[in-house]
Structures are given as C-alpha cells and as structure tokens.
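Beneath this line is the structure, given in structure tokens, with notes to follow.
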Amino acid sequence: MFSKKDSPDNLWIKCPKSGEMVFSADLPGLMHVTPAGHHMRIGPELRMGYTFDDGKYDKIETLAVAKDPLKFKDDKKYTDRLKAARSKTGQDDAMSIGIGEIHGIMSVVLVQNFAFMGGSLGMAAGEGFIQAAELAVHRGLPLVAFTAAGGARMQEGALSLMQMPRTTIAVQELREAGLPYIVVLCDPTTGGVTASYAMLGDIHLAEPGALICFAGPRVIEDTIREKLPEGFQRAEYLAEKGMVDKVVARQDMRETLANILSVLMKQNKNSSSSEAA
Amino acid sequence: MPRTYLDFERSVAELDHQIETLVESGEKDVAEVAKLREKSEKQLKTIYEKIGAWEKTQVARHPIRPHFSEYISGLITDFTPLAGDRKFGDDLALMGGLGKIRDQSVVVIGHEKGKDTDSRLKHNFGMAQPEGYRKAVRLMDMAERFGLPLISFVDTAGAYPGRGAEERGQAEAIARSIDRGLSLKVPFITIITGEGGSGGAVAIATADKVMMLEHSIYSVISPEGCASILWRDGSKAQDAAKAMKITAQDLKELGVIDHIISEPLGGAHRAPEDMVKMVGAEIMTALESLSDLTAEELIKRRRDKFLNIGRSLL
C-alpha cells in the first residue's frame with residue numbers, strides 16, 4: 001500500500017495519494033496521515049495512544065485459543081505463518097484490547113491489526129472480539145472497535161466462518177445491556193468481518209479513503225468484467241450509500257468519539273488538558 | 001439413472017453402459033444383466049465409501065442434485081411462496097414461503113440454484129444479493145411473529161460478488177440476517193443440502209440444529225478461491241478442499257455442525273425422491289427435539305452452542 005523509496009533507512013516515503021515525498025520523521029507528528037490526507041495503516045499501540053486520554057490505558061491480555069486445529073499447510077505450515085506474524089508484530093494475534101478514558105469517559109477499545117496476517121478473522125480474533133464485548137458488558141462500558149481485515153483466516157476453515165455468528169452474539173450482548181457499540185472502519189475492512197460485527201454497530205465511523213466491502217474490487221471486476229469507478233467501496237462512497245454515519249479524519253477521531261460517547265453514556269466529557277495538540 | 005457421471009465414477013459408468021447396451025440389444029440373459037447391475041452397485045458403494053473432500057465437492061455441486069424446489073414440492077403442503085424484501089426488489093437466488101410439513105405450520109427459506117440454463121440464470125446460480133438476505137430477515141420476523149418454526153435450506157457457492165450487490169450493502173444484509181437468525185424466538189433448523197459457501201451460507205444457517213447431507217460441503221471460501229490465494233494456483237483446489245476440512249464428517253468432528261443426514265447410495269442425485277423423504281424425516285425429528293423449549297431456552301441454547309464452537313478444541 002505504502003511504497004518505500006529505495007533510500008537508506010527509508011528516510012522518505014512516497015504518498016500514494018499525491019505522489020509527493022514525505023519525510024518519515026514527520027509522520028508521527030502527523031498521526032501517520034500524509035499532508036495530502038492519506039491515512040496510513042497503523043497498529044494497536046499508535047491507535048490506542050491516539051484514542052485514550054494522555055495515551056494511557058490498561059492493556060487486557062487476550063485469551064488463548066486452540067492452536068491450528070486443522071493442521072493446515074499450504075506451501076507453508078499455518079503454525080509457521082503464525083510464528084512469523086507474532087515476531088513481526090509482537091502480538092499473539094490480530095486483536096488488541098485496551099481499557100481507559102476518552103475525554104474522561106471510561107471505554108473499552110478493540111483494535112484489529114492488519115499487519116497480523118491481514119487482520120484475518122480466526123478463532124483468536126473472534127475470541128478477542130467476544131472478550132472485549134463481555135468486558136464492556138461486565139464493566140458497563142461502551143465498546144469502540146477499530147476494524148481492519150482482509151477477511152477470514154482461511155487456515156482455520158469453517159471454524160473461521162463460525163466467528164461471524166460468534167461475534168454477532170457478542171454484539172447482541174452489548175445491545176441487551178444497553179451499551180453503545182461504535183465501529184470505526186479502517187483500511188481495509190472486508191469479507192466476513194464486514195458481513196458481521198463491522199456492520200452491526202450502533203454507529204459506523206470510517207477513516208477517509210478506507211476500503212470497506214464484502215467482495216473485494218478485484219473479485220468483482222473478474223465477475224462482471226468491467227472496470228469499477230474511482231472511489232468504489234471507499235469510505236466516502238459507503239457514507240454516500242448510507243452504510244456509514246460519518247467519515248472522520250484521524251486527528252478528529254478522538255473528539256468525535258468523545259462527543260458520541262458523552263451523549264450515549266449520558267456523561268459529561270471533561271474538556272481535558274490532555275488533548276494531544 | 002443419472003446421465004452425467006463424475007470423473008471418479010468412470011468404472012461405474014462403463015458397467016452401466018454395458019448394461020444399457022445389453023438391454024437395448026434385446027439380450028434375453030436376465031441373469032447376466034442382474035449380475036452386471038449388482039457389480040455396478042457394488043462398485044458404486046466401494047467408491048462412495050472412500051470419497052474425499054474434492055469428490056464430495058463435485059457431488060455437492062452435481063447439477064441434478066435435489067434443490068430447494070424439490071424439497072419444497074416433496075415436503076411442504078399448502079405452500080405459498082413469498083417474494084420481495086419490501087425495500088428494493090425480489091431475489092430469486094434466495095426463495096421462501098409459508099407451508100406445512102406433516103400438518104405442522106412452518107416458514108421455509110433457501111437458496112435455489114436452478115437446474116437448467118434458463119432457471120440457473122433466473123436464480124443467479126443460487127448466489128444471493130442483499131434483497132435475498134433482507135427477504136430472509138423479513139420471513140424470520142414473520143416466523144417469530146406467528147410462532148412458526150423456521151427451516152432453511154442452504155445451497156450456494158456464496159453471496160453474489162457484484163457491483164450492485166455491494167452498492168446496496170451486501171455485507172450489512174448478511175450481517176443482519178446472521179443477527180436475526182441468532183435472536184429468533186422460534187425453533188430454527190438448517191439443512192445444508194449441497195454447497196455451504198461462506199458468508200452467503202452462514203447468513204441463513206445460525207440454527208438450533210445445523211444438519212448437513214452426507215456429501216455436502218461447508219466452507220469459509222471455495223476450494224478454488226482458497227487455492228488461488230494461499231497456493232497462488234487455482235488448480236490446487238483439490239489440496240485446498242482437503243486442507244480446509246469442508247466435509248460433513250470433518251465438521252461434525254470439529255463441532256461446527258450438529259448432525260449428518262445419510263444420502264442414498266451414490267449420492268442424493270441418484271435417488272432424489274428418497275433423499276427428500278429422508279430429509280423430511282430428519283426435520284420432523286429435529287422439530288420434535290425442540291418443541292418443548294421456551295423462547296428464552298431456545299435463544300440461550302443456540303447462543304451457547306455457537307459460543308462453544310472452537311472452545312471445545314482447546
């Protein structure tokens with residue numbers, strides 16, 4: 001997605017939106033959004049840091065799941081792919097859970113990391129979602145889920161498919177507890193993830209330019225044998241089609257979430273000095 | 001006798017051809033014909049006892065395998081088909097209606113693939129669009145409102161990957177259908193009759209009892225799709241079929257489904273009427289097993305069942 005220029009240490013990277021060269025060291029100060037507005041994919045640590053007051057939160061360990069129940073192997077063993085993803089990301093699987101305050105409103109935040117095997121929804125990610133929802137229900141807190149996935153974890157077969165109903169049950173538990181469930185659709189959110197918990201939020205926000213779909217553009221082009229229009233299945237397009245409430249830039253996300261949560265949780269948001277300028 | 005034989009049935013096809021030739025030639029040796037028939041049947045049995053995931057994929061997709069319309073005409077009386085999602089249109093890939101199974105009023109929904117070129121086009125090869133899933137939700141609402149059990153027949157390669165389907169919210173429509181099925185206050189039974197293809201299948205398969213026909217398949221992605229992504233070679237579909245554990249037998253063992261319905265020798269397409277009757281009997285047994293449960297019990301048991309999938313493997 002983001003092409004790195006062939007220079008030592010990747011000092012400069014090329015913005016896919018404008019083509020301009022951006023100085024890498026500037027990106028953290030820009031929340032990894034290029035001056036032209038391209039929202040780069042980010043992992044859970046940055047995401048949690050941008051979301052919670054002062055970037056402070058408690059990390060919740062995710063539960064263990066059965067390991068490679070199908071003994072799956074393509075040209076590589078699934079267990080080897082998992083190992084590689086774990087050493088690359090430092091995470092056990094795609095989901096990270098944090099609990100903390102957003103403008104003083106206690107919330108559970110779930111981040112799905114695309115860098116971990118494409119964020120794919122397998123047993124661990126499904127269990128992570130359920131764990132986050134049940135934690136929110138147990139503590140009487142809202143759940144904010146940042147989604148990103150290429151789809152299902154094929155190496156887990158139908159056990160991966162079963163995460164669609166399983167996560168949906170967790171959404172129902174939040175609903176019955178009268179707690180807000182806010183989805184923030186990040187690039188890309190596709191396949192079985194979109195067709196379950198990502199489209200069942202009370203409120204759907206999306207990051208600008210995020211690809212959000214069930215079937216990906218290449219699959220559709222192969223099916224209908226025509227080129228799709230510019231912007232097809234992007235966040236702005238979904239907002240136009242009525243599937244997303246609001247497309248929100250990363251630098252405004254914290255404030256937008258706080259506004260929504262303060263209304264739905266009937267709490268005052270503190271105007272906190274902690275706003276990262 | 002089915003006119004199309006699958007690749008792995010070649011030896012049976014040859015025997016059957018011999019029998020036909022003998023019969024057509026006016027052969028009077030009845031014993032000889034009977035002997036050949038017996039041999040053919042034995043051969044078929046040997047083959048079907050050993051078929052793997054890829055062969056089952058072919059059986060599950062067999063063009064004359066009984067489809068939704070055969071199950072409806074064979075099992076449901078006083079049937080009234082219902083159409084439309086009341087929002088945009090009607091989707092013939094996912095059908096539904098009201099009727100009775102042995103005097104018990106029910107709501108039925110299911111994918112229809114069609115059986116010849118015209119009907120396949122009409123039913124979009126059983127690949128539903130958002131209107132299909134929204135119609136399913138509408139019929140689930142109706143089942144609940146009138147206290148009628150819901151029976152779903154799953155047979156789809158997957159939800160349709162088209163431009164219009166995406167524009168009208170395919171993902172949202174599937175998600176809502178999963179959501180509604182899981183919260184139903186009435187008994188819900190699913191029979192996977194052929195292909196259970198991914199999200200398009202699970203959308204109407206969140207049942208109290210999920211049953212699969214002996215040679216049907218249920219998978220997160222088609223073997224061809226999996227092969228082209230993970231092996232980067234679509235021709236490795238046989239390997240992908242095996243690796244993904246898509247057969248009824250594997251899925252029963254993994255705890256993904258509840259029950260397997262036996263098929264007639266050589267697959268459902270060799271004796272469609274027998275197959276329909278066997279499915280009818282299994283539906284009645286399943287309905288009976290759920291009849292004493294309250295709405296609360298049904299929902300709790302259904303949720304616990306799905307939440308436990310996978311956890312038992314730890």
Side-chain angles (χ1 to χ4, degrees), chain A residues 64-67 69-76 123 126-127 130 151-166 168-173 189-200 212-217 219-220 222-224 226 228 232-233 237-238 241-243, chain B residues 158-179 181-183 196 198-203 205-206 218-221 225-227 229-232 236 239-240 243-246 250-251 254-257 299 302-304 306-307 309-314:
Chain A
V65 296
K67 195 179 155 190
L70 307 191
K71 309 266 177 284
F72 194 98
K73 184 173 175 288
D74 45 79
D75 37 347
K76 267 191 203 147
M123 292 191 291
E127 210 61 70
I130 294 166
R153 180 82 49 91
M154 286 172 287
Q155 294 88 344
E156 293 181 11
L159 290 165
S160 158
L161 185 66
M162 290 301 112
Q163 305 314 314
M164 296 172 72
R166 295 181 82 244
T168 301
I169 292 167
V171 174
Q172 294 179 345
E173 287 171 0
T189 299
T190 71
V193 170
T194 321
S196 58
Y197 58 89
M199 276 290 137
L200 293 173
I212 304 160
C213 60
F214 177 63
V219 176
I220 297 173
D222 286 350
T223 310
I224 63 175
E226 65 177 86
L228 293 164
F232 183 72
Q233 299 178 316
Y237 169 93
L238 264 88
K241 297 291 175 194
M243 287 297 150
Chain B
Y160 185 64
R163 182 176 166 174
E166 290 288 316
E167 284 177 338
R168 298 191 302 278
Q170 183 76 293
E172 193 264 356
I174 292 171
R176 292 285 163 205
S177 187
I178 292 173
D179 192 4
L182 287 167
S183 69
S198 192
V202 77
T206 56
Y218 193 16
S219 64
V220 68
I221 183 171
C226 179
I229 297 171
L230 289 184
W231 278 261
R232 297 177 199 286
K236 296 273 198 257
D239 297 331
M244 282 198 296
K245 305 268 191 280
I246 61 177
D250 281 334
L251 295 171
L254 287 168
V256 170
I257 61 155
I299 292 173
R302 193 184 300 140
R303 283 184 180 181
D304 288 349
F306 278 98
L307 287 177
I309 292 176
R311 284 180 182 166
S312 54
L313 302 169
L314 190 64

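In what follows, every chain begins at residue 1, and chains take the letters A, B, ... in the order their sequences are listed.
- Heavy atoms of Ile220(A) lying under 4.5 Å from chain B belong to its backbone as well as its side chain.
- Using a 4.5 Å cut-off between heavy atoms, Arg232(B) makes no contact with chain A at all.
- Ranked by heavy-atom pairs under 4.5 Å with chain B, the list Lys241(A), Met243(A), Lys71(A) is led by Met243(A).
- Contacts between Tyr237(A) and chain B at a heavy-atom distance below 4.5 Å involve the side chain alone, from C-beta outward.
- What you find for Thr194(A) and Ala171(B) is that their closest heavy atoms are CG2-CB, 3.4 Å.
- With rounding to the nearest 0.5 Å, the separation of CG in Leu254(B) from CG in Leu70(A) is 6.0 Å.
- Atom CZ of Arg311(B) and atom CE of Met123(A) lie 11.5 Å apart (nearest 0.5 Å).
- With a 4.5 angstrom heavy-atom cutoff, Leu238(A) does not touch chain B via any of its atoms.
- Shown here for Val220(B) and Gly157(A), the closest heavy-atom pair between the two residues is CB-O, 3.5 Å.
- Distance check: Asp179(B) CG to Leu200(A) CG gives 5.0 Å after rounding to the nearest 0.5 Å.
- Only the side chain of Ile221(B) comes within contact range of chain A, with heavy atoms under 4.5 Å apart.
- Of the listed residues Ala198(A), Ala195(A), Pro217(A), the one with more heavy-atom pairs under 4.5 angstrom with chain B than any other is Ala195(A).
- With a 4.5 angstrom heavy-atom cutoff, Ile229(B) touches chain A only via side-chain atoms.
- Counting only heavy atoms from C-beta outward, the side chains of Val202(B) and Met162(A) approach each other to under 4.5 Å.
- For a residue to count as touching a neighbouring chain, one of its non-hydrogen atoms must lie under 4.5 Å from one of that chain's; by this rule Thr223(A) touches chain B with the side chain only.
- Contacts of Glu226(A) with chain B are made by side-chain atoms alone, with heavy-atom separations under 4.5 Å and no backbone atom involved.
- With a 4.5 Å cut-off on non-hydrogen atoms, Met154(A) touches chain B through its backbone and its side chain both.
- Looking at Thr206(B), only its side chain comes within 4.5 Å of chain A, counting heavy atoms on both sides.
- Summarising the geometry, atom CD belonging to Glu156(A) is positioned 13.0 Å from atom NZ belonging to Lys245(B); distances are rounded to the nearest 0.5 Å.
- Among Ile169(A), Val65(A), Ile130(A), Leu159(A), the residue making the largest number of heavy-atom pairs under 4.5 Å with chain B is Ile169(A).
- Among the candidates Ile174(B), Ile178(B), Leu230(B), the residue making the largest number of heavy-atom pairs closer than 4.5 Å to chain A is Leu230(B).
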If you apply the rule side chain to side chain contact (heavy atoms under 4.5 Å, CB included), what do you find for Leu161(A) with Ser198(B), and how did you get there? CA-CA 7 Å; Leu161(A) 185 66; Ser198(B) 192; 4.3 Å; yes

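- For the pair Arg176(B)/Met199(A), no side-chain contact is recorded, criterion being any heavy-atom separation below 4.5 Å from C-beta on.
- In this structure, Lys67(A) NZ and Leu313(B) CG are separated by 15.0 Å, a value rounded to the nearest 0.5 Å.
- Distance check: Leu182(B) CG to Thr168(A) OG1 gives 6.5 Å after rounding to the nearest 0.5 Å.
- Without hydrogens or angle criteria, Glu166(B) side chain to Phe214(A) main chain gives a donor-acceptor distance under 3.5 Å.
- With respect to chain A, the highest number of heavy-atom pairs below 4.5 Å among Ser177(B), Gly225(B), Pro161(B) belongs to Pro161(B).
- Using a 4.5 Å cut-off between heavy atoms, Leu307(B) contacts chain A through both its backbone and its side chain.
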Could you walk me through whether Arg303(B) and Gln172(A) pass side chain to side chain contact (heavy atoms under 4.5 Å, CB included), step by step? CA-CA 10 Å; Arg303(B) 283 184 180 181; Gln172(A) 294 179 345; 3.2 Å; yes

